[in-house]
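First comes the structure, then the notes that go with it.
None of the values given here were measured: they were computed from a predicted structure.
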Amino acid sequence: MAIVETRLTGKIGSLTRLQITQFLFGLAIIFAIIKPLLPEFLVRIPVEMILPYDIWLQTLFDFIKDDLGLLTVTRGISSVLEWFLDITANLLYGKRRWPNIGPVPWVAIAVVAAVIGFWLKGWKMALLAGGTFVWVALIGQWKLAMQTMSVIAVAAPMAFLIGLLLGICAWKYPRFQRAIMPVLSILQTLPFFTYLLPAVIFFKVGPTAGCIATIIYAIPPMVLMTTLGLKKVSHEVVEAGHMSGSTRWQMLRYVYLPAARTEILVGVNQVIMLCLAMVVLTAFIGMPGLGAKLLSLMNSLKLGRSFEIGITIVLIAVTLDRLSKAWVVKQPEHFERGTSWFVRHKLLIIGIIAFIVSIILAQFVQVADHITRKQDLSMGKDIDNVIRAILANDIITGVTDWLRWFLITWVLIPFRNALLWLPTGSVILAMAAFGYFVGGRKSALLVVIFFGVIALTGWWDRSMITLYAVISAVILATLIGIPLGIAAARNPKWSEPILLVCDTAQTFPSFIYLIPAIMLFSVNDVAVVFAILIFATVPLMRYTIEGIRAVPSELLEAADMAGATRNQKLLKVQLPLALPTMAVGFNQAIMFAFFMVIIAAFIGTQDLGQELQKTLAGNNLGKNFVLGMCVSLMALAFNHIIMRWSNDRRKALGVG
């Protein structure tokens, strides 16, 4: 603990870090108190001082697009990409394009998915994989799901390949890594609307633009995991490769990449999940499929049918997540010398035979080929009636109405108005105080620059409304998630089921969280905060459980021997040691909240998300990027502060 205090209160000149932090925070409070006396630029940046970032960026984009001829290049890329998309579309849902042999019957795809699931992890995985596609067909959503999958089938391999190559370059060339890492950090914090407009302008509306936006969105984790995996390859393995006389290409192909297999496959898992999350959101730019249908139904408040599509998206997400995770842990099979080819590839043969039999069956049995609207088992209308009946219940209506009134009247609106009332200088000084307390002069300066740039964009008030929604949701999520995480960590019977729920919930596309929010609270600020809260609670619970469970048993035994009670052990040993891990969960909750608050613009907000959504109707790339930059800078500021604190705390405790 002495090390921690030295790091936090180490002297800077004649003042300690804590004293400088208190001074900055006190100055922020004074600025708020004397607001009427402050010069205008400390309250809000005057219009004449606002920098025309949007005009500068628009000029740059126009120069790149028109004068440098990038539009011609992207149109060429678009044509190639469209050719691949036509193939997958033809095979999966029968779009009239080459090779003109589709669509593949749903039974054949379900059977192949089941065989792959069995190969990866046995019967349970086979039932999940095959059962998911059976559900999609029986519920009458096959074509919608295949429209979505046809884009993922192109986007995921391309994102994997590009990310793998960039990751190898980043590992091989330190200068390239230093250049690309800040870009990846920005890409991971940019709101998804910022990906959509450039895709539309450069790659046309529809599946092609959706595919490009999805690829770019999914690349960063692949780059990061590839770089991490290659760096972790042990020296002994590398030496063995050199001693065998391997060339540089052979070292990469047969030594480094196989040794980094686990991290690379984790990157593949992340690519697949991000592709599914993004391809649903590309409904905003004309991408057909499950996302477009869900968007349409939610617009008309047909929540029963929305619920069905939500279940379909969740099942596909869970299936893809489980299959890719099983691939990560599956080890290569080894056979004795002389084993026949048929024995070594028996599951492949079974899969091919099952696929051919399914194709033949579909030629004679119509239901095995496709299910018509009259034959499907959709219960959308019935679910609508059930939802209406539940929401009409006096008890539920009374609780939700009171909660909505209480939160809006006494919590959310007062907090929003307070943030909007605060002078710009007060907010920046308060953030500088947090930055200085955690990381000293550099961190404080970084945070000041980030928020200073936001102030100079002219979008300060909209940024504060965005920040208000994020902070409100994360505070409420913390009050719910951390106690639940602590309770689960202290009861082994509950920890595994709750971790399973957290893993499953993290696979849900973000649109899904809007459904219960609208059902319970209609369209208002409470619904927005509630949707963000659900999304942000998951990492808080997960990392609290993981952090407490990771406390060394030796320390717990020492506490028991010292006579500590259960609560004393929690407060004095487990929580202090788990805090760095819990901070990572808190950081993820904030990142998730910034992502979700932009999605929530769909149900009515007055923040940056709403403005970003409006830019999709035009071609103002400059404004689109400025708005995205405001969201990204706020997210990066919080990310820097929290992760700096977590890393310093780990070092102080000797655990990282």
Going by the angle between their ring planes, with limits at 30° and 60°, are [X] and [Y] parallel, tilted or perpendicular?
X      : Y      : answer
Tyr513 : Phe535 : tilted
Phe406 : Trp402 : parallel
Phe25  : Phe434 : perpendicular

Under 3.5 Å, is there a donor-acceptor pair between the side chain of [X] and the main chain of [Y]?
X      : Y      : value
Thr397 : Asn393 : yes
Thr208 : Phe203 : no
Tyr195 : Leu187 : yes
Thr88  : Ser150 : yes

Closest non-hydrogen atom pair, [X] against [Y]:
X      : Y      : value
Met287 : Pro207 : SD-CA, 3.5 Å
Ala517 : Ala527 : CB-O, 3.3 Å
Thr537 : Gly481 : CG2-CA, 3.8 Å
Ser463 : Ile454 : OG-CG2, 3.4 Å

For Asp54 and Asn620, what are the C-alpha separation, side-chain angles and deciding distance, and is it a side-chain hydrogen bond (donor to acceptor under 3.5 Å, both in side chains)? CA-CA 8 Å; Asp54 55 341; Asn620 193 340; 5.3 Å; no
Does the ring center of Phe284 lie less than 6.0 Å from the ring center of Phe193? yes
Within 6.0 Å of NZ in Lys35, more than 12 heavy atoms from elsewhere: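 Enclosed.
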Side chains of Leu197 and Phe625: closer than 4.5 Å at any heavy-atom pair?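 Contact flag for Leu197/Phe625 side chains = no.
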Is there a side-chain contact between Cys211 and Ile215, using heavy atoms and a 4.5 Å cut-off? yes
Could you go through Arg404 and Asp401, starting from their C-alpha distance and side-chain angles, then the distance that decides it, and tell me whether this counts as salt bridge (Lys or Arg N to Asp or Glu O under 4.0 Å)? CA-CA 5 Å; Arg404 181 168 56 238; Asp401 285 350; 2.4 Å; yes
